[in-house]
Amino acid sequence: MDADTPTPWWETYNNDVLSARQNGWSEDDSTLSRELCDLLDDVAAAFAITGAQTPGWPSPYSGDTQPGKDSYDRCTDPEKFLIVVARARAWTKVLVDRDWAREAPPVRWALRPLESGGADTVLAPSRDGAVPLVLTTHTPVDSAHPFNVTIAAGNPAVAMASIPDCACDGCDRGAAVLLEEFDTWVLSVVDGSLAVDVTAACYSIRTSFHGGRHGVQYLDEPTAFTASPWPPSWTARSLGPAR
């Protein structure tokens, strides 16, 4: 790897897990398999093309540099968040090229994205028992609502994450953090390490990276599912604890 090329987040993740084990800090976390890392390498290669015009940026805050109060009231460069749209295109290309999925007609919604509108890309997996991935691209309506992508799963679909969830300067932690979050949500769908339960009162989501219980907005219908891996002969990662 070139000295100027940042270490991919998945390599850093595995190194951190191994280090934690060696130091006796954790025995529960598992490393990402070679197959998952190969998949992410393919996404990175595709992203080098789809994201050629959407450069990353470092976190503006480190050490003693912290956001000022006024930074939470502005978004200086909303166009830079087009990078997450480029990441969605890279994932779509890789998953279709691997014959793990095909682009499909719109799905029904159980829990819609918080933002209305947007263009849905629905990827229907080839394998029985696997759940669809829905990537909804929202284009800017004003400086406070720049490009973002909602990641959803299932049919009826459940919106799980909006990236970025906030585009203000104060919440900016750099492009690498956004792309890692994007990847971990998509990985959870493709890997089959995902369990969702949506009722009129609340919804809960568990993956090997994320988990939580939240209040419900924009409910169309209750749903519940446990995903299965998209690839054949693939063992899903273990789900994290319910929080």
TODO: Indicate the atoms forming the closest heavy-atom contact of P132 with W230, along with that distance.
DONE: C-CZ2, 4.3 Å

Task: Inter-residue atom distance E35.CD - W234.CH2, 0.5 Å rounding - done: 6.0 Å

Open item on the list: Are L194 and R206 packed together at the side-chain level, in the sense that at least one heavy-atom pair is separated by less than 4.5 angstrom?
Closed with: no

TODO: Measure the shortest side-chain to side-chain distance between P164 and F182 over non-hydrogen atoms and say whether it is less than 4.5 angstrom.
DONE: no

Task: Main-chain N/O of E180 paired to T184 side chain as donor or acceptor, under 3.5 Å - done: yes

Open item on the list: To the closest 0.5 Å, what do you measure between CG (L187) and CH2 (W10)?
Closed with: 9.0 Å

Task: Contact summary for A236 and S193, nearest pair of heavy atoms - done: CB-N, 4.1 Å

Task: For A152 against A157, the heavy-atom pair lying closest together - done: CB-CB, 4.4 Å

TODO: Output yes when D197 and R213 qualify as a salt bridge under the 4.0 Å nitrogen-oxygen rule, no when they do not.
DONE: no

- [ ] May I ask you to decide if the ring planes of F209 and W9 are parallel, tilted or perpendicular, using 30° and 60° as cut-offs?
- [x] perpendicular

Task: Among T136, I163, V134, the one residue meeting side chain to side chain contact (heavy atoms under 4.5 Å, CB included) with I151 - done: I163

TODO: Assess whether side chain to side chain contact (heavy atoms under 4.5 Å, CB included) is satisfied between S71 and Y61, documenting all intermediate values.
DONE: CA-CA 12 Å; S71 66; Y61 311 111; 4.0 Å; yes

Open item on the list: To check you understand the geometry: which heavy-atom pair defines the closest contact between C75 and A167, and what is its length?
Closed with: SG-O, 3.2 Å

- [ ] Would you indicate whether the side-chain heavy atoms of V186 and V189 approach each other to under 4.5 Å?
- [x] no

Task: Hphob cluster co-occupancy, L239 + V198, side-chain heavy atoms under 4.5 angstrom - done: no

TODO: Indicate yes or no: does D169 engage R74 in a salt bridge with an N to O separation below 4.0 Å.
DONE: yes

TODO: Supply the atom-to-atom distance D73 CG to C168 SG, rounded to the nearest 0.5 angstrom.
DONE: 8.0 Å

Open item on the list: Using only atom types and a distance under 3.5 Å, with no angle test, would you say the side chain of R127 pairs donor to acceptor with the backbone of P231?
Closed with: yes

TODO: Can you measure from CG (D99) to CG (D97) and round to the nearest 0.5 angstrom?
DONE: 8.0 Å

Open item on the list: Show, in sequence, the C-alpha distance, side-chain angles and deciding distance for V158 and F225, and conclude whether the side chain to side chain contact (heavy atoms under 4.5 Å, CB included) test is met.
Closed with: CA-CA 10 Å; V158 176; F225 58 84; 4.2 Å; yes

- [ ] Mind listing the closest non-hydrogen atom pair of C37 and R34 along with its distance?
- [x] CB-NH2, 3.1 Å

Task: Side chains of L135 and D120 in contact at under 4.5 Å (non-hydrogen atoms) - done: no

Task: OG1 on T207 to CZ on R237, rounded to 0.5 Å - done: 8.5 Å

- [ ] State, with a plain yes or no, whether a side-chain heavy atom of T150 is found less than 4.5 Å away from one of M160.
- [x] no

Open item on the list: I'd like to check W109 versus T223 (side-chain heavy atoms, cut-off strictly below 4.5 Å). Are they in contact?
Closed with: no

Distance-only donor-acceptor pairs under 3.5 Å for side chains of residues 79-90, two or more places apart:
| unit_1 | atom_1 | unit_2 | atom_2 | d |
| --- | --- | --- | --- | --- |
| K80 | NZ | D172 | OD2 | 2.7 |
| R87 | NE | D183 | OD1 | 3.1 |
| R87 | NH2 | D183 | OD2 | 2.6 |

Task: V177 reachable from L179 in the ILVMFWY side-chain graph, under 4.5 Å edges - done: no

Open item on the list: Is it the case that atom OH in Y72 sees more than 12 heavy atoms from other parts of the structure closer than 6.0 Å?
Closed with: yes

- [ ] Considering only NZ, NE, NH1 and NH2 on the basic side and carboxylate oxygens on the acidic side, decide whether D220 and R112 come within less than 4.0 Å.
- [x] yes

TODO: Decide whether V122 and W100 are clustered together by the hydrophobic rule: side chain heavy atoms of Ile, Leu, Val, Met, Phe, Trp, Tyr closer than 4.5 Å, transitively.
DONE: no

- [ ] Say whether, by atom type as modelled, one donor and one acceptor occur between the side chain of S208 and the main chain of S188 under 3.5 angstrom.
- [x] no

- [ ] Indicate the atoms forming the closest heavy-atom contact of L39 with R98, along with that distance.
- [x] CA-NH2, 3.5 Å

- [ ] May I ask you to check whether R102 and S126 show a side-chain donor-acceptor distance below 3.5 Å?
- [x] no

Open item on the list: Walk me through whether N148 and E115 qualify under side chain to side chain contact (heavy atoms under 4.5 Å, CB included).
Closed with: CA-CA 10 Å; N148 71 66; E115 289 194 39; 2.7 Å; yes

Open item on the list: Would you say L133 ends up clustered with L36 if hydrophobic residues are merged whenever their side chains have heavy atoms under 4.5 Å apart, either directly or through other cluster members?
Closed with: yes

Task: From D165 atom CG to E181 atom CD, the distance as rounded to the nearest 0.5 Å - done: 6.5 Å

Open item on the list: Within the structure provided, determine whether V196 and Y203 are in side-chain contact (heavy-atom separation under 4.5 Å).
Closed with: no

TODO: Kindly work out whether a path of hydrophobic side-chain contacts (I/L/V/M/F/W/Y, heavy atoms less than 4.5 Å apart) joins L114 to L178.
DONE: no

Open item on the list: With a 6.0 Å cut-off on the ring centroids, do W185 and W91 count as close?
Closed with: no

Open item on the list: Can a donor-acceptor pair be found, under 3.5 Å and without considering hydrogens, that links the side chain of N14 to the backbone of L32?
Closed with: yes

Task: Heavy-atom check, side chain of P229 versus side chain of D191, under 4.5 Å - done: no

